[in-house]
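Before any comments, here is the structure.
Every heavy atom of this structure was used, including side-chain atoms; hydrogens, water molecules and symmetry mates were not.
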Amino acid sequence: MRVNEDAVLRGQRVLLVPYEPHHVPRYHEWMKSEELQKLTASEPLTLEQEYDMQRSWREDGDKCTFIILDRGRWDQGCPEDQCMVGDVNLFMVDPENPSIAEIEIMIAGATTLGISTFQAKIGEENLTSVRLFNRLHFTEESYSSVFQEMTLRWEVTETERQWLLDAVHVSAESYREMKQNRETDAHH
């Protein structure tokens with residue numbers, strides 16, 4: 001999604017950065033795991049298909065993908081692909097209301113992206129994720145017997161939004177500037 005093409009969300013322990021072509025090889029290695037494919041309801045892709053998917057997600061106006069970097073490793077100067085620990089996908093599910101997004105992983109980026117409602121679709125067998133999202137105040141909205149998955153929803157109240165902002169200390173900045181600053185620091 002173009003809105004996050006230069007956005008970095010900086011937390012105390014993680015950085016959320018745009019999904020770029022140089023992330024694809026590591027991401028592709030992760031997605032070879034049959035367990036991970038099952039948990040994410042994903043099909044195996046070739047490396048070329050993964051690059052195509054990254055490009056399509058980058059261009060698609062209703063999807064927003066961030067790669068999660070371990071901030072500690074990043075701050076120590078590790079190569080970016082070695083800092084990768086996961087991803088966050090947001091799907092803008094209601095064209096009439098851009099403040100609603102389906103989310104695959106909980107993040108505290110509601111203010112930067114203007115999202116106030118998160119939805120998570122989780123396979124009924126993935127009890128670990130269901131419990132995690134329930135602890136994060138998500139409640140069951142619907143169940144699909146066809147897909148054997150439930151949709152959980154969290155509408156972020158103003159009190160919760162303020163708590164997230166105060167507790168998590170997330171800041172937004174430019175991805176290009178962050179990388180340029182790191183390169184400049186490396187040369188000094």
Side-chain angles (χ1 to χ4, degrees), residues 1-31 40 42 45 47-120 136 154 156 160-188:
M1 176 178 242
R2 293 276 179 206
V3 72
N4 81 317
E5 72 181 337
D6 189 40
V8 173
L9 300 178
R10 184 180 289 269
Q12 290 177 324
R13 295 185 178 174
V14 298
L15 299 169
L16 300 181
V17 301
Y19 185 27
E20 296 279 320
H22 63 272
H23 297 128
V24 172
R26 176 97 188 247
Y27 186 85
H28 179 66
E29 286 301 312
W30 291 342
M31 295 311 295
T40 61
S42 300
L45 299 176
L47 182 58
E48 183 178 318
Q49 289 171 320
E50 203 71 69
Y51 275 108
D52 290 342
M53 185 70 72
Q54 182 274 331
R55 277 190 295 276
S56 75
W57 279 61
R58 180 69 169 220
E59 301 300 319
D60 197 325
D62 64 356
K63 295 180 182 85
C64 188
T65 300
F66 289 97
I67 293 296
I68 304 170
L69 303 181
D70 178 317
R71 183 171 174 184
R73 293 179 55 84
W74 172 266
D75 290 345
Q76 293 171 4
C78 289
E80 187 170 343
D81 68 322
Q82 296 303 308
C83 298
M84 293 172 58
V85 295
D87 71 337
V88 172
N89 299 302
L90 300 173
F91 305 92
M92 309 314 158
V93 295
D94 186 349
E96 303 293 316
N97 186 350
S99 70
I100 298 176
E102 177 185 322
I103 188 170
E104 290 187 348
I105 299 175
M106 178 59 202
I107 61 166
T111 299
T112 301
L113 299 175
I115 296 168
S116 60
T117 303
F118 293 100
Q119 293 177 330
L136 296 170
W154 177 37
V156 183
E160 290 169 323
R161 187 185 73 77
Q162 194 57 53
W163 177 85
L164 285 170
L165 292 173
D166 293 342
V168 181
H169 306 291
V170 172
S171 64
E173 61 188 77
S174 163
Y175 181 59
R176 283 187 212 96
E177 287 177 20
M178 181 184 82
K179 289 183 73 171
Q180 286 172 348
N181 291 340
R182 187 174 202 216
E183 291 171 10
T184 301
D185 291 344
H187 290 96
H188 287 72

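Not a single salt bridge (Lys or Arg N to Asp or Glu O under 4.0 Å) links R182 to another residue, sequence neighbours left out. Residues passing the side chain to side chain donor-acceptor pair (under 3.5 Å) test with D81, sequence neighbours excluded: none. The ring pair (Phe, Tyr, Trp, His ring centres under 6.0 Å) check on F91 picks up W57, with sequence neighbours excluded.
With values rounded to the nearest 0.5 angstrom, F66 atom CZ is found 4.5 Å from L9 atom CG. Between the CG atom of L47 and the CD atom of E50 there is a distance of 7.5 Å, given to the nearest 0.5 Å. Between E48 atom CD and M53 atom CE the span is 12.5 Å, to the nearest 0.5 Å. The CG atom of L90 lies 7.5 Å from the OG1 atom of T65; values are rounded to the nearest 0.5 Å.
The aromatic rings of Y19 and Y27 lie tilted to each other, with the angle between the two planes from 30° to 60°.
A salt bridge is defined here as a Lys NZ or Arg NE, NH1 or NH2 lying under 4.0 Å from an Asp or Glu carboxylate O, and K63 with D60 meets this definition.
There is a side-chain donor-acceptor pair under 3.5 Å between H23 and E80.
A donor-acceptor pair under 3.5 Å is absent between the side-chain atoms of D70 and the main chain of V85, judged by distance alone.
Residue P18 comes nearest to R58 through the heavy atom pair CB-NH1, 3.7 Å, listed as atom of the first residue, atom of the second, then distance. The shortest non-hydrogen separation linking H22 to K179 is CE1-NZ, 3.5 Å. When all heavy atoms of M92 and A101 are compared, the pair lying nearest together is SD-CB, 3.8 Å.
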